[in-house]
Novice: 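Mind looking over this structure? Questions follow.
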Amino acid sequence: MANTTEPTVAVESVDVETIGRLAEKVNALVGLLDRTRAELAQTTEANDHLSKEVDRLRAQVAAADGEREQVRTRVSEMLSQLDALDL
């Protein structure tokens, strides 16, 4: 006679309270993930806005530098003309 024994399966009783706490933690984690995603979207949008603003300000600085150079050239020419008058 062959001895065929059924394997025994250990079944742990899971406390409903433990499952409830785990569900609360998972829900809190999902909420945290949602808030983090929203903050990331806002930060990305703000970063894009600030990058455009920096580009605009750089263009203004470049334009002002060009104007300053023109004024410097004109003043230099005027001073040369005054020196040439020899008043």
Novice: Can you tell me if CD on Glu53 sees more than 12 non-hydrogen neighbours from other groups inside 6.0 Å?
Specialist: yes

Novice: Between the side chains of Glu24 and Arg21, is the shortest nitrogen-to-carboxylate-oxygen separation below 4.0 Å, so that they form an ion pair?
Specialist: no

Novice: Could you tell me the separation between the CG atom of Asp83 and the CD atom of Gln81, rounded to the nearest 0.5 Å?
Specialist: 10.5 Å

Novice: Return the CG to CG distance between Leu22 and Asp15, rounded to the nearest 0.5 Å.
Specialist: 12.0 Å

Novice: Return yes if some donor-acceptor pair links the side-chain N/O of Ser76 with the main-chain N/O of Arg72 below 3.5 Å, else return no.
Specialist: no

Novice: Is Asn47 reaching over with its side chain to a backbone N or O of Thr43, donor-acceptor style, under 3.5 angstrom?
Specialist: no

Novice: About how many Å separate CG of Leu29 and NZ of Lys25, when rounded to the nearest 0.5 Å?
Specialist: 11.0 Å

Novice: Charged N to carboxylate O under 4.0 angstrom, Glu77 versus Arg74?
Specialist: no

Novice: Please report the interatomic distance CD(Glu45) to CG(Leu40), rounded to the nearest 0.5 Å.
Specialist: 11.5 Å

Novice: Between Lys52 and Asp55, does any NZ, NE, NH1 or NH2 come within less than 4.0 Å of an OD or OE carboxylate oxygen?
Specialist: no

